[in-house]
Participant: 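A single structure is presented below for examination.
Every chain is numbered from 1 and lettered A, B, ... according to where its sequence line falls, protein lines coming before strand lines. Please read all numbers here as calculations on a predicted model, not as lab measurements.
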Amino acid sequence: MKKAGLRGYIIKRLIYAAIITWGVVTITFVLLRVGPMSPADKYLSNMSARTQDPAQVVAAIEARYGLDKPIYEQYFDYVVNLARGDWGWSFSNSLPVVTLIRRHWVYSFQLILLSMLFSATLGILIGVFSAVKRYTRTDYLATLFSFIGISIPNFWLGIMLILIFSVQLGWFKSYYDTGLPMFSLANLKALVLPVITLGTGMMAGYTRYARSATLDNLKQDFVRTARAKGLPERVVIGKHVLRNAILPIITIIMFDLSGIVFGGAYLTEIIFGIPGLGRVSFNALFASDYPVVVTITLIGAMVVLLTNLATDIVYTRLDPRIRYD
Amino acid sequence: MNHNLLEVKNLKTYFFTRNGVVQAVDGVNLALRKGENLCLVGESGCGKTATALSILRLIDSPPGKILGGEILFHDEDLLRCPEERLRQIRGREIAMIFQDPQSSLNPVFTVGDQIAEPLKLHLKLNSKEALERARELMEQVGIPQADERMKDYPHQFSGGMKQRVMIAAALSCDPEILIADEPTTALDTTIKAQILDIFHDLKQARNMSILFITHDMGTVAGIADRIVVMYGGKIAEVGTTFDIFDQPAHPYTQGLLTCLPNISAQQQRLTPIPGTIPSLIDPPSGCIFHPRCPKRMPICDQEDPPEVFISDEHRVVCQLYKQPVTSPGKTGDTHSAQ
Amino acid sequence: MKGLVILLLMTLVFTAGCGNETPAPSQQPAEAGGIFIEGVSGGDAETLNWILASDGSSLSYASYTIGSLATYDNDWNVVLRHLAKPVEASGDGLTYTITIRDDLKWSDGTRVTAEDYVYTLKNLMFSDWLNYPYQTDWQEMVDGETIFVEVEAVDQTTFVITRQTVDPEFADNAIYNLTPYPKHIAVKYEGDVKAFTQAEEFNNLSYTGNLGPYRFKEWIRNDKYVVERNPDYYLGQEDDSPYFEQYVTKMLGTTATVHAALEAGDITYSGIDPEKVAKFTELEGINVYTVPTSAYDLVIYNMRNNGWDGLKQKEVRQALSMSIDKQAVINSIRLGFGDPAFSFIPKPSPWYTEEGVPKFGYGPLHDKKKAKEMLYAAGYGARQPDGSIAVQDKDGKPLKLTLVTTPGSRLAEDLAFLVKQELADIGIEVEVKLVPWPTLLRKHVMNKVPGSDQEPRNNNGPEAVSEEPWDFIVMVFNTHPIAPSGSRVFFSTEGGLNFWGYSNPRVDELFVNIRSKEALDIEARKSMYAELSQLIAEDQPVDFLSFPRGNHGFQANVEGIDVGMRLSWNYHKWYFSKP
Amino acid sequence: MTEKKSGQISDRFGGRRNLVFFSGLLALVAVILLDIYLEAQILEPMGYFYIFFALVATCYALYPLYVNRRLTRYYWERTRRHRLSVLGLAFIIFLIAVALIGPLLTPDPTKVNFDKKNTPPVGFTIQQSVFDTKTDQLVSRETPGTWQHPLGTDEKGRDMLAMLVSGARVSLQVGLLATLMAIFIGALMGVMSAYLGGWWDNALMRFTDVMMTFPFFLLLVFIIFIFGPSLAFIILAIGLTGWTGTARLVRSETLSLRTREFVMASKSLGASGARIIFRHLMPNVISSIIVIATLSIPGIILAEAALSFIGLGDPTVTSWGVVLNAGQRSLDTAWWVAVEPGIMLFLTVLAFNFLGDGIRDAFDPRSQQ
């Protein structure tokens with residue numbers, strides 16, 4: 001009964017995921033084709049090229065990128081090629097989009113990973129602490145801090161950090177060097193400001209979630225039971241409360257990926273010149289290199305979809321209370 | 001010789017809420033003797049639970065705060081001992097069971113773990129030993145297939161079974177005192193009877209002192225040795241089961257008893273106590289029961305009622321009994337409320 | 001530096017130029033070692049498959065590994081590169097004989113032959129299927145028809161180019177920039193544009209053998225482009241050059257980041273904003289070199305039918321130019337790092353002249369009062385009771401004109417707002433519209449005759465107009481100082497980039513003459529350029545503002561730099577001094 | 001007789017208020033279509049937004065607030081308990097005043113003056129390189145702040161104060177109008193989905209899922225880039241991409257309400273679908289909508305600022321993001337250009353967050369204590 005319910009639930013989620021994937025792919029195709037700049041237009045933005053016969057140029061360039069076929073055939077090719085792992089050819093980088101992404105995703109991943117580690121650890125710590133010390137000055141300070149953290153525009157924070165620590169104090173001047181190992185000291189140092197930039201907002205959010213989740217659970221009867229058993233407070237909080245509070249927090253962290261993290265990482269990479277997918281996408285956008293932009297957006301969507309799916313499924317394992325029907 | 005295992009003296013526990021100060025427990029005295037089953041009865045919100053929680057200092061703070069009094073356990077004042085010492089007592093010497101087994105068990109740990117937890121903590125058993133002991137305890141409280149079921153999570157148990165788990169966890173370290181805060185309230189009638197049976201057996205088998213808190217006079221009759229009746233954060237009447245049921249002195253106790261369906265008396269209707277429970281933020285002056293009291297006297301809203309000993313074991317706090325039977329001077333329960 | 005000089009490439013990014021100071025020659029011998037890092041704030045290149053590239057960065061990236069036939073030094077002398085000897089032009093200016101070195105090799109060891117060049121020209125650059133963007137450099141008009149020049153291989157190292165019309169600047173404009181593709185590899189992709197675009201050898205320059213001082217190592221898009229020392233470099237056989245282990249182009253996002261990196265010593269070289277020059281000059285470890293450039297900024301007047309009518313009158317254009325202060329541009333925007341521009345020929349060019357060139361907006365001809373008088377005379381003003389002139393449209397309404405430029409470039413924005421400020425002084429209100437480059441091209445530059453089924457082009461004849469109306473556009477153009485005749489695309493009536501609709505028969509004639517037999521005579525050409533300068537400055541189809549100077553900051557341990565307009569012409573000989 | 005008839009008509013729409021709203025909406029759409037058809041600018045695009053905003057605000061905020069004065073007062077009392085939310089509200093009112101009146105008092109924010117460039121705010125003095133025409137040299141000149149430009153000037157000598165005031169107007173416009181768009185679409189989707197149920201519900205919710213799956217900002221950037229950055233379009237695009245959360249919430253609220261007795265009761269009395277939706281469901285989810293609207297505003301203001309910051313803002317308006325973008329470029333020469341708009345942005349977002357938090361607590365039945 002239970003097993004069947006779980007399997008049914010997972011199958012249902014997978015079917016949804018498939019439908020959503022199809023929707024996402026279709027929308028990206030539409031975006032790709034409504035773009036007013038075709039690669040031919042892009043080519044023609046070089047004014048010297050403009051002296052040639054435009055019709056001939058357009059035909060030649062469209063042939064270069066397979067855009068001369070009827071639209072339904074293009075759609076079909078697009079879907080099939082995506083499935084085959086052929087994500088098109090960058091208009092302005094002279095290489096397959098897939099190669100470009102394979103090169104750059106790690107930098108985004110590193111930034112996001114470090115920021116999440118930083119923000120989740122600190123955020124949960126502060127949130128739990130603030131809940132335990134609720135209605136004290138510490139708590140109010142933590143709450144105010146989280147309000148500030150949520151409200152501070154992260155791109156502005158990035159600039160301010162540069163202004164203070166890089167321009168005025170001269171502490172963090174180095175740039176991220178792809179020639180060095182990803183976790184080399186120099187690169188980690190170069191990532192300090194970006195991680196704070198991206199992490200502060202998230203941390204503030206997690207502080208709030210952690211505080212309210214901890215408060216919710218602190219009110220629960222089982223906390224009293226645990227105390228009545230004579231457990232020290234740190235075990236009561238650290239084991240009984242946190243174990244219950246952590247699931248909703250993790251869910252929120254996972255769901256955060258879509259809006260806050262990707263948007264934030266995008267801006268952070270641009271501000272700090274980290275060669276991740278955000279910066280690639282940004283540069284590609286201004287080069288009107290739509291296949292790259294669209295594919296990165298698509299990847300973002302798929303990451304969101306998969307993490308949500310994974311979170312849902314893992315949740316069923318982690319939280320014994322969940323019922324699947 | 002002091003045969004009181006636990007003495008609560010002049011306990012005051014207030015809750016400081018946004019709307020005002022709730023005087024949940026206001027000068028309560030009571031004593032639990034070795035091997036007895038003491039029942040604390042009263043309507044909801046009269047301070048029973050707050051009293052019980054105060055004993056182990058489990059009041060949520062804020063908003064609750066224990067303002068004064070003493071709680072003597074083996075002549076040690078639990079209100080003044082360090083937190084560290086208190087933790088050694090909790091679960092080891094004084095265990096507690098709560099009203100709602102549903103929420104009192106942590107949903108994300110297996111019941112086996114939760115029963116074994118105090119064993120590991122207090123008796124320093126290793127995991128294996130603790131789990132083995134937990135299994136035995138589960139069998140003792142009548143959970144079938146304990147082997148299997150200890151790996152289950154609370155939500156896979158029925159309400160009655162959960163309460164058995166709670167009891168097993170409370171009993172794990174063989175405490176001297178068991179405080180049971182309305183352990184049967186959330187249960188069906190038939191399950192309730194089974195749980196009460198366990199309590200009955202416990203007293204027989206282990207000679208354990210039990211502080212049993214309930215609002216249900218019917219439950220009380222079956223298991224109590226002595227009864228404490230509380231009203232509005234204060235003690236109304238204390239006496240043996242026989243005293244209370246046979247010669248209830250306080251009008252409130254009398255009221256409670258008339259509420260009870262009495263089959264032998266062939267009553268047609270239950271007589272509820274008229275009026276509602278008073279606000280403990282702004283309690284009525286004088287006797288707190290006077291607005292609802294059928295035997296109200298003019299003095300009742302003027303003066304605090306005195307504590308009167310009707311017999312050695314039977315005392316009542318009411319103006320009706322103002323001509324005091326002089327106290328024979330037995331120690332223990334006789335501290336004045338003032 | 002960038003071996004291929006891109007002619008007339010309209011760009012908002014300045015390339016480096018020429019010099020006015022020479023560092024003391026170093027005592028130390030050059031020695032290989034160290035990594036040279038150039039910091040840039042702009043975007044990345046598009047492709048290393050240079051024939052497909054439509055941007056300057058791509059050509060410059062490729063030039064590190066492949067080089068061209070020749071380049072220029074700071075005195076504009078031709079310096080041979082792949083050439084074994086100077087290009088021999090026949091007396092009638094129609095035949096060019098080109099002899100390449102015999103020690104040039106592809107990566108697979110095969111020799112680079114004249115046939116490779118001929119193939120590259122005929123089968124790739126002149127082909128329909130590849131659409132080489134700069135085909136016009138190799139075309140000529142014969143009997144009203146545009147045809148390609150003739151190319152023929154003579155032997156292993158010699159090939160001949162034959163023209164039917166004379167162009168004295170053909171070598172400068174086209175031949176010296178020529179770079180070959182290996183025929184034996186390229187034939188595999190012939191005719192298949194997709195395969196050619198995606199060909200791995202071409203996209204990572206793995207074929208370039210000993211043709212350039214460096215070899216391709218790594219390209220991380222939007223981050224850095226790395227080339228490493230080529231030990232086989234044909235010029236390095238005697239002097240062991242180049243001396244850097246690697247030459248890195250590092251993209252750093254904003255100029256602020258670039259400046260910080262230079263100051264921190266993370267990079268070796270970068271351009272420096274005028275505001276920062278004083279600061280970097282004072283820094284111990286940094287040398288700042290200021291050199292002229294061949295780019296100029298300008299305000300273009302729309303003389304087509306969708307611009308303000310007044311702009312069609314020469315006097316009105318002169319009046320407007322007269323009220324825009326060139327010195328203010330140089331002082332406030334460039335902080336002094338610039339020279340006033342009066343015509344399209346930059347000052348270091350041998351063809352530069354000021355004789356007879358009116359200097360609107362400079363010195364005595366910067367006169368707002370006189371400008372108003374001229375506008376009044378042209379019918380665009382009313383005399384006020386107090387004798388002053390209120391500038392207004394013919395119908396008596398106040399003048400409101402639109403200036404279009406691209407956002408994101410601080411320079412263009414500053415220029416636009418300065419023009420707005422200057423014209424506000426004579427009573428013309430200017431609305432500044434910031435439009436992204438592609439949109440600007442599509443909506444404001446490209447034009448066609450209304451109602452016709454023409455494909456929009458940059459110049460579709462005098463009747464054509466752009467989709468959106470506009471009055472001024474602020475842009476930056478570039479001129480080849482040795483061969484400025486390429487500017488005919490801007491200023492002749494039929495010029496492919498004359499999108500503002502300028503037409504002067506005498507100018508057209510001069511541009512034709514400059515590419516004819518009579519111009520083979522240097523003096524004759526000089527006088528033609530002088531007349532062109534005078535005519536265009538007189539007509540003011542555009543208001544030339546300034547030729548900026550570039551500021552370049554190097555770590556002080558970089559030796560061997562020949563400071564000048566062509567700052568990096570010998571960059572393979574730069575080296576780090578030992579501490 | 002006629003009164004009865006009009007009553008019937010309005011009943012079909014779920015009350016007179018809805019009738020007024022839909023007539024207004026219809027008229028607006030007609031004018032827009034006419035505008036497109038005639039290719040004549042009857043109104044600026046922003047004008048339509050304002051009319052729409054006023055229509056919604058009157059029908060669904062001001063009017064009910066006025067009619068239910070007691071309830072309004074009750075919620076106000078509850079909101080007021082949060083001192084921070086009152087503070088937030090005060091700042092927002094101040095900002096609205098600045099946006100409305102400020103432009104009349106400050107100079108033209110687009111007026112450049114290169115002689116006065118990079119003037120620091122009052123009380124600060126900086127050293128900057130200027131070109132000295134007398135010596136033809138680059139000299140370092142001490143530039144003190146002046147009261148003429150209390151907050152300083154930017155690299156083109158534009159007055160920072162004037163630009164910030166203009167930015168306040170833009171941010172509030174975007175924040176309020178785009179939120180309204182998003183909430184309106186979201187609420188409509190949510191209620192429809194819940195009410196229609198079955199296949200429709202499934203389709204609408206999967207579509208919501210698809211939209212939710214896209215990283216919001218990346219999608220927004222792309223759409224704005226493709227269709228061009230004008231303020232009206234930015235508002236539209238944010239509205240069209242930012243509705244998903246509202247749709248989800250409204251759907252679940254409606255679903256839980258749909259089975260309640262009063263809906264059952266009116267169904268059994270034969271009420272029409274529209275009547276049930278507008279008369280019974282909408283008013284009951286409106287408190288959730290108000291809460292989510294207040295809490296969405298800061299995110300939307302930030303989205304516009306971020307777009308402007310990366311160069312995709314409307315170049316014809318001076319928004320805080322645009323100034324910030326310029327400020328980033330001159331970080332090492334004129335720090336205040338980046339600092340000042342950021343502080344305004346931060347305070348505005350903070351104020352809306354404070355207010356939103358207060359309103360949420362006020363409307364949350366769980367925080368009854």
Participant: Under a 4.5 Å heavy-atom cut-off, does chain D meet the side chain of A:Ile148, its backbone, both or neither?
Facilitator: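 For A:Ile148, heavy atoms of backbone and side chain both lie under 4.5 Å from chain D.
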
Participant: I'd like to verify something: which residue of A:Ser281, A:Gly158, A:Pro153 has the highest number of heavy-atom pairs under 4.5 Å with chain D?
Facilitator: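 Top count of heavy-atom pairs under 4.5 Å with chain D: A:Pro153.
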
Participant: Non-hydrogen atoms of chain A under 4.5 Å away: do they reach the side chain of D:Asn202, the backbone, both or neither?
Facilitator: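 Interface part for D:Asn202: side chain.
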
Participant: Identify the residue among A:Thr295, A:Leu298, A:Ile299 that makes a side-chain contact (heavy atoms from CB on, under 4.5 Å) with A:Val97.
Facilitator: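 Considering A:Thr295, A:Leu298, A:Ile299, a side-chain contact (heavy atoms from CB on, under 4.5 Å) with A:Val97 is found only for A:Thr295.
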
Participant: Quick one: of A:Leu163, A:Leu285, A:Thr26, who has the most non-hydrogen atom pairs under 4.5 Å with chain D?
Facilitator: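 Answer, by heavy-atom pair count under 4.5 Å with chain D: A:Leu285.
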
Participant: Can you tell which of A:Leu198, A:Thr200, A:Thr268, A:Ile196 makes a side-chain contact (heavy atoms from CB on, under 4.5 Å) with A:Ser115?
Facilitator: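 That would be A:Leu198.
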
Participant: Under 3.5 Å, is there a donor on one side chain and an acceptor on the other for D:Asn353 and A:Ser151?
Facilitator: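 Yes - a donor-acceptor pair under 3.5 Å links their side chains.
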
Participant: For the pair D:Phe91 and D:Phe94, name the ring-plane relationship: parallel under 30°, tilted 30 to 60°, perpendicular over 60°.
Facilitator: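 The arrangement is tilted - the two ring planes meet at 30° to 60°.
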
Participant: Below 4.5 Å from any heavy atom of chain D, which atoms of A:Ile271 appear? Answer side chain, backbone, both or neither.
Facilitator: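 Contact with chain D is through both the backbone and side chain of A:Ile271.
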
Participant: Using ring centroids (six-membered ring only for Trp), state whether D:Trp335 and D:Phe124 fall under 6.0 Å.
Facilitator: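 They qualify: ring centres under 6.0 Å apart.
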
Participant: Side chain, backbone, both or neither: which part of A:Ile150 has a non-hydrogen atom closer than 4.5 Å to chain D?
Facilitator: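 Both parts, backbone and side chain.
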
Participant: Specify which of D:Ile310, D:Leu219, D:Leu84, D:Asp209 makes the most heavy-atom pairs with chain A at under 4.5 Å.
Facilitator: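 Max contact count across the listed options: D:Ile310.
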
Participant: Is the D:Phe217-A:Phe262 ring centre distance short of 6.0 angstrom?
Facilitator: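 No, the ring of D:Phe217 stays outside the 6.0 Å limit from the ring of A:Phe262, centre to centre.
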
Participant: Sort A:Val293 into side chain, backbone, both or neither according to what part of it lies under 4.5 angstrom from a heavy atom of chain D.
Facilitator: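 Interface part for A:Val293: side chain.
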
Participant: Decide whether a cation-pi geometry holds between A:Arg279 and A:Tyr266; the criteria are a distance under 6.0 Å from NZ or CZ to the six-membered ring centre and an angle within 45° of the ring axis.
Facilitator: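 No, A:Arg279 does not lie over the aromatic ring of A:Tyr266.
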
Participant: So for D:Phe352, is it side chain, backbone, both, or neither that comes closer than 4.5 Å to the heavy atoms of chain A?
Facilitator: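 Contact with chain A involves no heavy atom of D:Phe352 at all.
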
Participant: Can you tell which part of A:Ile152 gets under 4.5 Å to a heavy atom of chain D, answering side chain, backbone, both or neither?
Facilitator: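 Contact with chain D involves both backbone and side-chain atoms of A:Ile152.
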
Participant: Please flag which part of D:Ala305 lies under 4.5 Å from any non-hydrogen atom of chain A: side chain, backbone, both or neither.
Facilitator: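 Both backbone and side chain.
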
Participant: Which region of D:Ile343, side chain (C-beta onward) or backbone (N, CA, C, O), has a non-hydrogen atom less than 4.5 Å from a non-hydrogen atom of chain A, or is it both or neither?
Facilitator: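 Backbone plus side chain of D:Ile343, per the 4.5 Å heavy-atom cut-off to chain A.
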
Participant: Of all of A:Ile270, A:Thr21, A:Ile159, A:Ile19, which one pairs up most often with chain D through heavy atoms under 4.5 Å apart?
Facilitator: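 Maximum pair count with chain D is reached by A:Ile159.
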
Participant: Let's go through A:Leu277 and A:Phe109 carefully: what are the C-alpha distance in whole Å and the side-chain angles of both, what is the deciding distance for side-chain contact (heavy atoms from CB on, under 4.5 Å) to 0.1 Å, and is it a yes or a no?
Facilitator: CA-CA 9 Å; A:Leu277 291 184; A:Phe109 183 74; over 6 Å; no

Participant: Using only heavy-atom distances, determine whether the side chains of D:Thr153 and D:Thr119 contain a donor-acceptor pair under 3.5 Å.
Facilitator: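 Yes.
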
